[in-house]
Amino acid sequence: MFPQDPFSGAPAPQPAAPAQTAPLLAHLNAEQLAAVTLPAGHALILAGAGSGKTRVLTTRIAWLLQNGLATPGGILAVTFTNKAAKEMVARLTAMLPVNVRGMWIGTFHGLCNRLLRAHHKAAGLPQAFQILDTQDQLSAIKRLCKQFNVDEERFPPKQLAYFIAGCKEEGMRPRDVPAHDADSRRKVEIYQLYEEQCQREGVVDFGELMLRSYELLRDNDPIRAHYQRRFAHILVDEFQDTNKLQYQWLKQLAGDVVDGRFEAHGSVIAVGDDDQSIYAFRGARVGNMTDFVREFDVQRQIKLEQNYRSYSNILDSANALISHNSRRLGKNLRTTQGPGEPVRVYEAASDFAEAQWMVDEIRQLVKNDGFERREIAVLYRSNAQSRVIETALFNAAVPYRVYGGLRFFERAEIKHALAYLRLLENPHDDTSFLRVVNFPPRGIGARTIEVLQDAAKSAGCSLHDAVSAVPGKAGANLGAFVALVQVLREQTQGHTLRVIIEQMLESSGLVEHFRTEKEGADRIENLQELVNAAESFVTQEGFGRDAVALPLDEQRGTLTQSPASQGLDPNAPVLDTPLPAAPGIVDADTGETLSPLAAFLTHAALEAGDNQAQAGQDAVQLMTVHASKGLEFDGVFIGGMEEGLFPHENAMSDRDGLEEERRLMYVAITRARKRLYLSHSQTRLLHGQTRYNVKSRFFDELPEEALKWITPKQQGFGSFAPHSGAGGAYGAGAGSRFGFKAETFASPPVPAQKAAPSHGLRVGIAVFHTKFGEGKVLALEGTGDDARAQVSFPRHGTKWLALSVAKLTVVDG
DNA sequence: ATCGGTTACCTTTTT
DNA sequence: GGTAACCGAT
């Protein structure tokens, strides 16, 4: 498809790059330059830790755009984490005055969400489908098990959830799963029932998001053809972490199988590092890298081995460690920086002492060596390890921030609030219904629920619809609950997100309930933060950005011929309307968008709240090693370097498990720029029990000459004498919400937008829509391309429409 | 039948 | 330390 460059390794000679390109390409080394200026075609870039991978990716995009080799609409860049996606957008914006909105840059799940919203009909979903997180999925499965009398001893719901997620990651529907014995047949049966339940309730889990959009592309020729033509340039970050399904998904976007041979249309650039593959436990296949080279007939591979991050003592340690792994693609990082400080290793008597040592070192780094606190990270293998360190930091009054653990949108009270909101959108969401039908308590107990579930099952309807079938006082209580939601829905019709949430908090009785609870103050505070979260979602990046649609001529992206509509499938009206460039939450057919509420709920499910990233305070960063991937810090502490913890005992069932643990350690080490500290403890309090651990085998795999062992002081650590009684009596009780609590969503409310509306609509006037007919405007939000209107249609109900896509005309009257 | 207090189990990592 | 399942008191 693209002319092949006869030189395979050399950077493509560019026809007299424009002068303005120079600063873009300045300061790139030869390897990086070659990667950025690759000619069209597929390529694999092996990018070692700290080799400027993100820089190469973003510069590549900027370079393509600047030289007219691509339009924004023709670019698809996919990552694994929201953090990485945001980082890319931020860097691109800084590089180029380009409209980033035209590009599809996001996580796999985020982009799948877009696809499914835009083509929800073809995908067989309601537009406002809700997304189940892992918790929701588990409770849905538990409910199913009760419903169908599944023996939960023999089939633990957790295991079933794992099984179902695993099947989906492999791209398997129930009928595709091989089942030879009675047990696995039963599991497949449950999988099938689970799918039916989700479909009935209009919800999808994370795996379904991927699988459904893969099938959408696979089975719908016009849609696939459209996106294949549109995305001439596909860039994949962290390719080593893709699972089987994600790879197949990429193949659908990139090309077709012709005569048993895969032929790709566009240009796919995969960036990855096999040494940093740490997600095999959730289905990631490093083998995708070699498959990619074979199936895409990759002609160019570039290794980025120059490390710009760390001093050589740190880098040598990383290289030495990872060399103990077999089956590597082979790659060695080098640096031109000097050796730097040795890697310091500390052996503590207890986890308390270990934490105290960390605090002391951190204070010295800040005081004597001029380190910023935000440039210091404490990494650990599992979240449970964070508490001791938090306590030590807290007692020493060192500001810190914890990433991971309980995330904002996963807190119980927030999930309750979200459940009410979801019921406003979709009364048939049984998971949400059950979560709050008796919370706060309103006289609806287990017995009543049982009757209701039986009624719903025999009528084949949702719990909501079965309420009227329950007789007596119990039925009346249920009716009151349904009425409450119904009234709330009517009351909030046409109101802003903020008002909707505040109303909900009041009339649901949630706030009232927590007011009377002892520990309720924190929860109420969190609920208040939910309002802030919604506020910043509406005004900042969130809803506005995703909902935007570009002007028509830009929408076509790189399409040179008319879109796939002609002559392919007369029954596919989907593509008659040109697709918006970023139909995040816009129906490709009607221009209908999600309500701000539904969009916010999607946001809550897809981004469990790591939004707290750029809060101002200079604080030490605490996180798991997994969470640290892609980040870097001047100083890094890795604690709990003990057998059973790191490497973790649960991961050691096979050889692959140990190698993954080693890669995890490799990732941890390579986070550090200047200083690296390792520590282990002889004893550790875990689940209230003292465990005696030996130091990690990884110490034996590090180069002795790069290490410096520190002997503990003989002094006791008075303030850290273990308390008597069960482990963590030191929390400050009621006030234990630490003073340095992340100001997650405490951003000041942004003043309401005052820009003059350009669409000429007003609340109350009548409008005409080509598909829905005449309707009345209930509410307006946003300006310019973001403008959207809530319109009530007599036939089709109340809908939110993106004004830049939906064809609305004002009806005289 | 429901509520509120108790216990048991958790915990490897995450979109 | 936190949550869900369990159990006795109302």
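Here is the naming used below: chain letters follow the sequence lines, and residue numbers restart at 1 for every chain.
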**Message:** Does A/Asn438 reach a base, just sugar-phosphate, or nothing at all? Heavy atoms under 4.0 Å.
**Reply:** sugar-phosphate
**Complete:** note: A/Gln137, atom CD; B/dT14, atom P; distance rounded to Å ~ 17 Å
**Asked** NA contact type, A/Phe206, heavy-atom cut-off 4.0 Å: base, sugar-phosphate, or nothing?
**Response** base
**Item:** Under 4.0 angstrom between A/Lys146 side-chain N/O and C/dA5 OP1 or OP2
**Value:** no
**Complete:** Note: contacts of residues 623-631 of chain A with DNA chain B (heavy atom, under 4.0 Å) are A/Thr624, A/His626
**Message:** I'd like to know if A/Glu195 pairs up with A/Lys168 as an ion pair, taking the criterion as any Lys NZ or Arg NE/NH1/NH2 lying under 4.0 Å from an Asp or Glu carboxylate oxygen.
**Reply:** yes
**Request:** Can you tell me the distance, in whole Å, between the CD atom of A/Glu642 and the C1' atom of B/dT12?
**Result:** 15 Å
**Prompt:** What do you reckon, are the aromatic ring centroids of A/Phe698 and A/His324 less than 6.0 Å apart?
**Reply:** no
**Request:** Look at A/Thr448 and B/dT2 and indicate whether a side-chain polar atom (N or O) is within less than 4.0 Å of OP1 or OP2.
**Result:** yes
**Asked** Quick check: are there more than 12 heavy atoms from other residues, nucleotides or ligands sitting under 6.0 Å from CZ of A/Arg154?
**Response** no
**Item:** A/Arg442 or A/Phe80, whichever maps to the more 5' nucleotide of DNA chain B
**Value:** A/Arg442
**Message:** Looking at A/Glu661 and A/Arg697, is there a salt bridge between them, counting it only when a charged N and a carboxylate O are closer than 4.0 Å?
**Reply:** no
**Message:** Please classify the nucleic acid contact of A/Lys473 as base, sugar-phosphate, or nothing, using heavy-atom distances under 4.0 Å.
**Reply:** nothing
**Message:** Just to verify, what does A/Tyr279 make a ring-ring contact (aromatic ring centres under 6.0 Å, His included) with, not counting sequence neighbours?
**Reply:** A/Phe281, A/His626
**Asked** A/Ile278 or A/Ala474: which one's nearest nucleotide on DNA chain B is closer to the 5' end?
**Response** A/Ala474
**Request:** Using only heavy-atom distances, determine whether the side chains of A/Gln356 and A/Glu354 contain a donor-acceptor pair under 3.5 Å.
**Result:** no
**Asked** Once you round it to whole Å, what is the distance between C1' of B/dT13 and CG of A/Leu645?
**Response** 13 Å
**Asked** Counting only side-chain N and O atoms of A/Asn383, is one of them less than 4.0 Å from OP1 or OP2 of B/dT13?
**Response** yes
**Request:** Using the salt bridge (Lys or Arg N to Asp or Glu O under 4.0 Å) rule, collect all pairs that involve residues 436-449 of chain A, keeping only residues at least two apart or in two chains.
**Result:** A/Arg447-A/Glu450
